Every structure is written in C-alpha cells, then in structure tokens.
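In what follows, a structure is listed as structure tokens, so that the remarks can point back to it.
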Protein chains: 2
Amino acid sequence: MLENISSVKVSGGWHKQYTHSSQSTHCTMRFAVFLPPGASEANKVPVLYWLSGLTCTDENFMQKAGAFNKAAELGIAIVAPDTSPRGENVPNEDSYDFAQGAGFYVNATQAPYNTHFNMYDYVVRELPALIEQHFPVTSTKAISGHSMGGHGALMVALKNPTAFVSASAFSPIVNPIECPWGVKAFTGYLGNDKALWAQYDSCELMKNAEQANYLPMLVSQGDADGFLQEQLKPENLVAIADKKGYPLTLEMQAGYDHSYFFISSFIDQHLLFHHQFLTA
Amino acid sequence: MLENISSVKVSGGWHKQYTHSSQSTHCTMRFAVFLPPGASEANKVPVLYWLSGLTCTDENFMQKAGAFNKAAELGIAIVAPDTSPRGENVPNEDSYDFAQGAGFYVNATQAPYNTHFNMYDYVVRELPALIEQHFPVTSTKAISGHSMGGHGALMVALKNPTAFVSASAFSPIVNPIECPWGVKAFTGYLGNDKALWAQYDSCELMKNAEQANYLPMLVSQGDADGFLQEQLKPENLVAIADKKGYPLTLEMQAGYDHSYFFISSFIDQHLLFHHQFLTA
C-alpha cells in the first residue's frame with residue numbers, strides 16, 4: 001500500500017512523494033515521482049529512474065536538478081528512490097559513506113546489514129513493479145544517477161540490459177572494487193568475497209557484457225571534481241568500453257565539480273539522450 | 001572587502017558566494033552571485049537582483065530555482081542577498097516570520113532592531129554598489145523575489161523606479177500593512193507609525209506612483225497557494241494598477257502552490273520578461 005505524503009504541481013505536471021512498507025528492505029521506504037503533464041491511463045509515459053548519491057534522499061534531485069521543464073516537454077516520468085533503508089530499527093553508523101544514506105544499491109550478505117540493506121532488489125524489482133502498478137507509466141525504462149547513484153545506474157543497467165533502454169550517470173563511481181568508498185561499502189555489506197563484489201562493479205560487469213546486450217550509455221564528469229582521481233575513475237570504464245566496442249560516451253566537462261550545479265547544467269542533455277531511446 | 005567563500009561552475013558560468021562586513025546592517029552579510037558565461041570587464045552584463053522569502057538565505061533560489069541555464073543563454077547575472085542580518089549579536093526571536101531570516105527589506109526604527117535590520121539600505125544601496133564595483137556588470141538592473149522577497153522586489157522598484165528597468169515577483173506579499181505577516185513585521189521593525197508603514201507597502205506606493213515613473217511589472221501567483229487569501233492578496237495591487245493604468249501583469253497559475261517547484265516552473269518566463277528591458 002502506497003501512502004501519498006505530498007503532491008505539488010510543477011512544470012505543468014506533478015511531484016508526489018509516497019511511503020510504503022518494503023518487502024526488500026523490511027522498513028518504510030519513501031520515494032518521489034514526477035509525472036509530466038498529460039500522463040494518464042490513456043496516455044502512459046516512459047520512466048527515468050534516478051539513483052542519488054551518498055547522504056541523499058529522494059529529495060535532492062527533485063529539488064536541485066532543474067529537470068522538470070525538460071521532462072515535461074519530453075513526456076518522461078522520473079522516479080527517485082531513497083538511497084538506503086532508514087529508521088530506528090535499521091543499522092546505522094556515524095559515517096556519511098556507509099549504512100543509512102549509503103546503501104550502494106547492493107543486496108547485503110553480512111549481518112547486521114543483510115536484513116534491510118537490499119537496495120538492489122528494491123530498485124530493480126520492487127520499486128518498478130510498484131510504479132507500473134500505481135502510476136500511468138509504460139514498462140519502458142531508462143536509468144541515471146549521481147556518484148554512488150551513478151554506480152547504481154550503470155551497474156543495474158549492465159546487470160539488467162533488457163529491462164532498460166539506456167543508462168547514464170553524472171560523476172559515477174564506475175569501479176567500486178578499486179576505490180575507498182566502494183571497498184568500504186562492499187566489505188561492510190558483502191564481506192570479503194571478491195567474486196561477489198565483482199557482481200556489483202560496472203567495470204567487471206562491462207568486461208563480461210555480451211554484444212547483443214549492449215545498451216547506450218552516457219557519462220558526464222566534471223574535471224574539477226575533487227573525487228575524480230581517488231573515487232570515480234571513469235577512465236577505467238572507458239578503457240573497457242573502447243576495447244569491447246561498448247557504446248559508452250564519456251563527456252569530460254571542463255571546470256565542473258561534483259555538485260548539483262553540475263547536474264543542473266547537463267540534465268537536459270541527459271533527458272534528451274534517454275528520450276531518443278524511450279520513444280524509439 | 002569581499003571574501004569569496006565558494007566558487008562553482010554552473011551552466012557555463014559561475015556561482016560564487018561572498019561575505020563582507022556591511023555598513024547598513026553592522027554585521028557580516030553573505031550573498032551569492034551567478035555570472036553568465038562570457039561576462040568580463042570587456043563584456044559587462046546586466047543584473048537581476050533576487051530577494052528571497054521568509055526563512056531563506058542566499059542559497060534557496062540559487063539551488064532550487066533552476067534559473068541558470070536560461071540566465072546563461074540570456075547573459076544575465078543574478079545576485080541573491082540573504083533575507084536579514086544574522087549572527088550572535090543580532091537580535092532574534094523563536095519565530096520564522098520575524099527577526100533573523102525575516103528582515104522584510106525595511107530600515108527598522110525600533111530598538112533593538114534598528115541597529116542591524118536595515119535591509120532596505122542594504123539591498124537598494126550597499127549591495128548594488130558593491131556588485132558594480134567588484135563584478136563585470138553594468139548598472140542596468142532588474143529585481144524579482146518570492147513571497148516576503150516579492151514584497152521586497154515590488155516595493156523597492158516602486159520606491160526606486162529609475163534604478164530598475166523592470167520588476168517581477170512570485171507569490172508576493174503586495175499589501176503588508178493589511179496582512180498578518182506584514183503587520184507583525186512592521187509593528188516590530190517600525191513601531192506604530194502607520195505613515196511609515198505605508199512607505200514600504202507596494203499598494204500604497206503604487207497609489208502614489210507618477211505615470212512617468214511606471215515600470216513594467218510581472219507577478220506570478222499559484223491559485224493553490226495556501227497563503228493566497230490571508231497573506232498575499234495580489235488582487236489588492238491589481239485593483240490599483242487597473243485604476244491607474246499601471247503596467248502590471250498578474251498571471252494566476254492554476255494548481256500551483258507557494259514552493260520553489262512553482263518558481264522553477266516559471267522562472268524562465270520571468271527571465272525572458274526582464275531580458276527585454278535589460279537589453280533595451
């Protein structure tokens with residue numbers, strides 16, 4: 001059962017927030033949806049899923065990206081989940097990059113995280129099923145995200161290439177098994193089984209991608225991003241894409257940092273990128 | 001002396017925040033400026049001043065309005081001051097609608113507010129002088145704002161019709177002397193002198209405006225705004241404009257509320273409105 005907790009008109013459409021009891025994360029989850037003008041049972045629209053970064057909730061993208069005017073014009077719904085399970089009963093740490101607000105879009109295998117931290121199942125299965133049941137949308141989906149959510153978007157798309165028509169990311173962690181944020185999170189959620197880590201690593205997944213399952217992928221990265229060298233490493237993914245002929249475009253943007261000011265500068269371009277595949 | 005405290009590239013231009021010691025408010029003030037791409041001493045650009053609403057700082061508009069892509073395209077700088085003096089030495093109350101975060105853009109006459117709460121002088125004189133001294137801008141100015149800042153924008157423009165080429169507002173308090181927010185603030189800052197109150201009331205100011213000083217004015221108002229009837233009363237201003245032939249356009253927008261989702265839906269329209277006068 002979805003509980004509607006806010007409903008605000010924007011760009012001719014609607015921004016709405018909902019809570020529900022999640023079977024994947026065993027807690028109450030909140031998500032937000034933007035419905036473009038004219039979306040109805042008689043005129044269903046495709047969906048862009050947006051996965052946010054460390055410390056974010058469903059609200060950051062919706063309030064700061066400036067995406068709705070273009071999404072309204074293109075007729076695209078946008079769904080933004082939270083970045084982790086939350087609540088008094090959910091394990092937490094005094095840390096911005098692990099536990100609440102930092103689910104990393106994996107299914108945890110390690111106690112005490114494995115009860116609630118199943119964000120992979122949540123964003124891949126539970127949430128899209130809910131969205132397609134309750135909102136005037138088609139099953140045509142694209143996926144995007146930022147930083148930790150950029151990792152999530154690329155990884156989810158690579159693992160489910162027939163579920164999405166396209167994937168994009170801003171400033172993604174493309175190789176979590178090779179960076180401090182990823183190593184910390186994967187150790188905590190997945191233990192020491194490096195074979196399991198590889199199942200959530202976009203570089204490892206792309207290495208094993210079959211050409212029939214390639215999907216169009218766009219990555220935008222600011223070259224003044226303080227996390228670029230140590231955490232993000234987009235060149236690692238580009239090297240694999242180049243070798244395999246994977247249709248990945250990396251756009252390095254001079255002078256931009258890791259913030260939502262960067263996202264708001266190029267979100268229209270990402271929406272146009274996805275639109276061509278969502279409506280193909 | 002300006003101290004630069006942040007500098008982030010956005011929409012091809014720059015978002016920068018500064019602090020300085022204010023002669024008007026006798027405390028450290030923070031403001032933000034957006035400089036469009038290409039602004040330079042050899043290519044100065046006009047400025048839109050943005051005054052924010054209750055509880056806001058310089059950050060709300062800059063993070064949530066989604067204004068920069070269009071402002072970059074049009075070549076308009078945007079300057080957003082804080083909404084009041086702040087700091088340990090500045091009087092405050094446990095109230096969202098008076099004292100810190102709620103300066104109402106007046107010069108206070110009443111103790112203990114009259115030392116610091118001189119936001120009228122700050123936004124009309126001190127800030128534009130600083131901006132024109134330190135940034136690659138012309139002296140051509142427009143002004144806009146939201147709610148309390150909509151009051152500020154219209155009131156400042158009506159009192160200084162030759163300083164600004166155009167004025168606009170989202171969901172403004174147009175008649176503060178006749179609504180609870182305004183009566184509380186004006187009593188606190190200005191005492192019981194109703195003649196003084198009238199000098200900061202857009203309706204009273206428009207009644208006395210001379211036709212030679214009329215300037216183009218655009219007001220956007222959502223009809224689902226919960227503050228519309230009790231606090232905002234745009235019809236009071238429209239009645240005066242109609243009677244006097246003042247060039248005010250009120251656009252009532254069906255279904256929109258008082259939030260930044262409303263502003264982000266129509267900010268491009270306001271930028272285009274100002275652009276025609278800023279470049280005339």
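A note on names: the letters A, B, ... follow the listed sequences, proteins ahead of strands, and every chain is numbered from 1. Treat the numbers as computed from the prediction; the structure is a model and nothing was measured.
- For A:Glu41, the CD atom counts as densely surrounded, since its 6.0 Å shell holds more than 12 non-hydrogen atoms of other residues, nucleotides or ligands.
- For the residue pair B:Met62 and A:Phe261, the shortest heavy atom distance occurs at O-CE2, 3.3 Å.
- A:Tyr256 places a side-chain N or O within 3.5 Å of a backbone atom of B:Gly12 that can act as its donor or acceptor partner.
- The two residues B:Asn69 and A:Ser264 make their nearest non-hydrogen contact at ND2-O, 3.3 Å.
- If you measure heavy-atom distances from A:Phe68 to chain B, the contacts under 4.5 Å come from the side chain alone.
- To the nearest 0.5 Å, atoms NZ (B:Lys64) and NZ (A:Lys64) are separated by 8.0 Å.
- Proximity of a side-chain donor or acceptor of A:Asp257 to a complementary backbone N or O of B:Lys9 within less than 3.5 Å is not detected.
- Nearest approach of A:Ser11 to B:Ser265, heavy atoms of both residues: N-OG, 2.6 Å.
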